[in-house]
Asker: 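Please see the structure below; I have some questions.
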Amino acid sequence: MLEETEFDLFRNEEFASRCISICITLCNNASAKLNINVNFAVNFNYVFNATATVKNQYAVITFNLGLIEKLETIISDSIELFLKEDVASLTIDKEQIYKLKNISNKCCISYLFYHELAHVLQLSSASSNDIYNYQEIYSIQDSFDIRKHVYEIDADLFGSNMAVFELFEDIRDINNQFSSITLFNLLTALLFTTANVIIEFSENSFQEIYYKQGSHPHPLIRIVKCSEQILSFASKNLSIQKPFFEAILQRNGAMISQINYSSGRRVDYPKLYSENSIDIESYSDEIDSLNEQYKELIRFRSQDLFNVLTN
């Protein structure tokens, strides 16, 4: 594990320190308010990965050094491309760019942390003799276990909820109101950066659509579910018509298709989604139908957890 005295190993020590500080704050808040024993650590490993480990009612959420390093690049590249988009380039000034970057950093970190916390809570009833270790790196070779897909979608929804809450907290004005154009831009940026994190975790798994296979649901399925959850949270808390959210989805899909991911990968998101939307919806429905078999899922207590963690 990485010691604080070793933070100079990071290319951008300022970003790394802020990321770790946010995670420690979130971890301490969860420990105190949920009365659980969970700690946060950084693993000296350059693989882009995060882990939730549970044993004997003790838990550790671990971010690899490589995740924190690449996360900075993902967010900065995402925002740089986003700012070239037509609407963004006309409506975001220099002062707002700085705020956009800070909010995007915080929301992405929150999504990742609360995704791992969800795994900790899912496994909180684990027997004392077992060690449960959930990793975010994809493996197509792993034997298929539908429970892992159910857990991952559940954790994604919780992480997405907490991330969009953080966004709302940062952009509401003194009268508890929101600017429509600010919402339009920042919700799009949140969908875009979240999608890019998932795509990087998946490595080459985007090349071929799959369903009942591998350690994690296909990244396209996860992106669709996270986007739906973020916009669902927003729509429940805002008096805005459906076309507003449809426009956000269109902007997000168009931008995903313009970015070069690691190893030179390109993702034609609109084409992939249009060709597979029916099967994605069918598999999502199948996952949802299995939820009742797993009472440990976050969705059965998400409102209670949300209320406790945010008050």
Side-chain angles (χ1 to χ4, degrees), residues 22-40 50-63 106-128 130-136 145-169 190 194 198 216-217 221-238 283-311:
I22 290 172
C23 288
I24 290 172
T25 298
L26 296 177
C27 193
N28 290 340
N29 181 63
S31 294
K33 291 184 176 179
L34 301 178
N35 194 28
I36 57 175
N37 195 326
V38 59
N39 293 284
F40 178 79
T51 308
T53 305
V54 177
K55 178 181 171 66
N56 294 335
Q57 304 305 311
Y58 293 91
V60 179
I61 292 172
T62 307
F63 283 10
K106 187 175 180 181
C107 288
C108 257
I109 293 165
S110 293
Y111 161 74
L112 286 168
F113 176 84
Y114 283 112
H115 179 104
E116 298 308 316
L117 180 64
H119 286 321
V120 168
L121 296 173
Q122 290 164 347
L123 299 168
S124 60
S125 59
S127 65
S128 59
D130 293 328
I131 298 177
Y132 291 86
N133 193 333
Y134 262 70
Q135 299 194 49
E136 295 311 316
D145 181 353
I146 192 85
R147 180 176 67 106
K148 290 184 178 180
H149 282 212
V150 172
Y151 271 27
E152 286 299 328
I153 295 297
D154 189 56
D156 273 340
L157 299 185
F158 185 60
S160 297
N161 258 353
M162 299 305 292
V164 71
F165 169 77
E166 294 285 357
L167 187 152
F168 277 23
E169 287 295 286
L190 176 57
T194 302
I198 292 171
H216 295 65
I221 298 172
R222 294 181 63 189
I223 291 169
V224 169
K225 297 295 285 185
C226 285
S227 298
E228 289 175 350
Q229 187 68 15
I230 289 168
L231 297 185
S232 174
F233 183 100
S235 67
K236 289 175 182 176
N237 289 276
L238 301 168
Y283 188 61
S284 295
D285 289 344
E286 182 176 349
I287 292 289
D288 289 344
S289 72
L290 297 171
N291 289 335
E292 291 294 334
Q293 298 180 27
Y294 305 100
K295 297 299 184 182
E296 67 273 25
L297 295 180
I298 303 304
R299 67 185 63 212
F300 296 121
R301 43 188 166 147
S302 59
Q303 189 61 56
D304 290 339
L305 288 169
F306 178 84
N307 291 341
V308 170
L309 289 167
T310 58
N311 289 327

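Basis for what follows: all heavy atoms, side chains included, without hydrogens, waters or symmetry-related copies.
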Asker: Within a 6.0 Å radius of atom OH on Tyr58, are there more than 12 heavy atoms belonging to other residues, nucleotides or ligands?
Answerer: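 Not more than 12 within 6.0 Å, no.
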Asker: I need the Gln229 CD to Asn161 CG distance, nearest 0.5 Å.
Answerer: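 Output value for this atom pair is 4.5 Å.
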Asker: What is the ring orientation for Phe113 with Phe40, classed by angle as parallel under 30°, tilted 30 to 60°, or perpendicular over 60°?
Answerer: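 Plane angle between 30° and 60°, so tilted.
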Asker: Indicate the atoms forming the closest heavy-atom contact of Tyr114 with Gly159, along with that distance.
Answerer: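 For Tyr114 and Gly159, the tightest heavy-atom pair comes out as CB-CA, 3.9 Å.
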Asker: Verify side-chain contact (heavy atoms from CB on, under 4.5 Å) between Glu296 and Leu123, making sure each step is shown before the conclusion.
Answerer: CA-CA 7 Å; Glu296 67 273 25; Leu123 299 168; over 6 Å; no
Asker: Side chain of Thr51, backbone of Gln135: donor and acceptor closer than 3.5 Å?
Answerer: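 No.
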Asker: Please report the closest heavy-atom contact between Glu116 and Ala52, naming both atoms and the distance.
Answerer: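 Scanning both residues, the minimum pair turns out to be OE1-N, 3.3 Å.
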Asker: Is it the case that the side chains of His119 and Gln122 hold a donor-acceptor pair, with the cut-off being a distance below 3.5 Å and no angle test?
Answerer: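 A pair is found: one side chain offers a donor N or O, the other an acceptor, under 3.5 Å apart.
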Asker: Is any side-chain heavy atom of Tyr134 less than 4.5 Å from a side-chain heavy atom of Glu152?
Answerer: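 SC-SC contact between Tyr134 and Glu152 confirmed.
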Asker: Could you grab the distance from atom CG of Leu117 to atom OG of Ser110, nearest 0.5 Å is fine?
Answerer: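 Reported to 0.5 Å precision, the distance equals 11.5 Å.
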Asker: Nearest heavy-atom pair of Val38 and Cys27: which atoms, and what distance?
Answerer: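 Closest approach of Val38 to Cys27: O-SG, 3.3 Å.
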Asker: Looking at Val150, is its backbone amide N or carbonyl O close enough to the side chain of Asp154 to form a donor-acceptor pair, meaning the two atoms are under 3.5 Å apart?
Answerer: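 Looks like no, no N/O pair under 3.5 Å.
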Asker: Could you measure the distance from the OH atom of Tyr283 to the CD1 atom of Ile153? Nearest 0.5 Å is fine.
Answerer: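 The distance works out to 8.0 Å.
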Asker: Is it the case that the side chain of Ser289 and the backbone of Glu286 share a donor-acceptor pair, with hydrogens and angles ignored and the cut-off at 3.5 Å?
Answerer: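 Confirmed, Ser289 side chain pairs with Glu286 backbone.
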Asker: Once you round to the nearest 0.5 Å, how far does CG of Leu231 lie from OG of Ser160?
Answerer: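 The distance works out to 10.0 Å.
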Asker: Salt bridge or not between Arg222 and Asp156? Use side-chain N to carboxylate O under 4.0 Å.
Answerer: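 Result for this pair is yes, salt bridge flagged.
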Asker: Would Tyr151 and Asp145 satisfy side-chain contact (heavy atoms from CB on, under 4.5 Å), going step by step from the backbone distance to the final call?
Answerer: CA-CA 10 Å; Tyr151 271 27; Asp145 181 353; over 6 Å; no
Asker: Please check: side-chain N/O of Arg299 versus main-chain N/O of Phe158, any donor-acceptor pairing under 3.5 Å?
Answerer: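 Absent.
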Asker: Quick one: closest heavy-atom pair of Ile198 and Cys226, and the distance?
Answerer: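 Nearest heavy atoms, Ile198 then Cys226: CD1-SG, 3.9 Å.
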Asker: Are more than 12 heavy atoms from other residues, nucleotides or ligands located less than 6.0 Å from atom NZ of Lys295?
Answerer: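 More than 12 within 6.0 Å, yes.
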Asker: Is any side-chain heavy atom of Thr310 closer than 4.5 Å to one of Met162?
Answerer: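 The answer is yes, as the side chains (C-beta and beyond) meet within the 4.5 Å cut-off.
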Asker: Say whether, by atom type as modelled, one donor and one acceptor occur between the side chain of Asn307 and the main chain of Gln303 under 3.5 angstrom.
Answerer: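 Looks like yes, one N/O pair under 3.5 Å.
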Asker: May I ask you to test the Asn237-Phe165 pair for a side-chain heavy-atom distance under 4.5 Å?
Answerer: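 They are not in side-chain contact.
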Asker: Please report the closest heavy-atom contact between Leu305 and Leu34, naming both atoms and the distance.
Answerer: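 In terms of heavy atoms, the two residues are closest at CD2-CD2, 3.6 Å.
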Asker: With distance as the sole test, does Ser124 use its side chain to make a donor-acceptor pair with the main-chain N or O of Leu121 at under 3.5 Å?
Answerer: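 At least one qualifying donor-acceptor pair exists.
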Asker: Please say which of Val164, Leu167, Leu238 ends up in a side chain to side chain contact (heavy atoms under 4.5 Å, CB included) with Phe233.
Answerer: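 The option that passes is Val164.
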Asker: Near Asn35 CG, under 6.0 Å, is it more than 12 heavy atoms from other residues, nucleotides or ligands?
Answerer: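 12 or below, so no.
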Asker: Sub-3.5 Å donor-acceptor pair from the side chain of Asn291 to the main-chain atoms of Asp288, do we have one?
Answerer: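 Yes: the side chain of Asn291 pairs with the backbone of Asp288.
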Asker: For Leu26 and Glu166, run side-chain contact (heavy atoms from CB on, under 4.5 Å): C-alpha distance rounded to whole Å, both residues' side-chain angles, the deciding distance at 0.1 Å, then the answer.
Answerer: CA-CA 12 Å; Leu26 296 177; Glu166 294 285 357; 4.2 Å; yes
Asker: Which value, rounded to the nearest 0.5 Å, describes the distance between His216 atom NE2 and Ile221 atom CD1?
Answerer: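 These two atoms lie 13.0 Å from each other.
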Asker: Could you measure the distance from the CG atom of Asp285 to the CG atom of Leu290? Nearest 0.5 Å is fine.
Answerer: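 If we round to the nearest 0.5 Å, Asp285:CG and Leu290:CG are 11.0 Å apart.
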Asker: If every non-hydrogen atom of Cys108 is compared with every non-hydrogen atom of Thr194, which pair is closest and at what distance?
Answerer: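 Heavy-atom minimum between the residues: SG-N, 4.5 Å.
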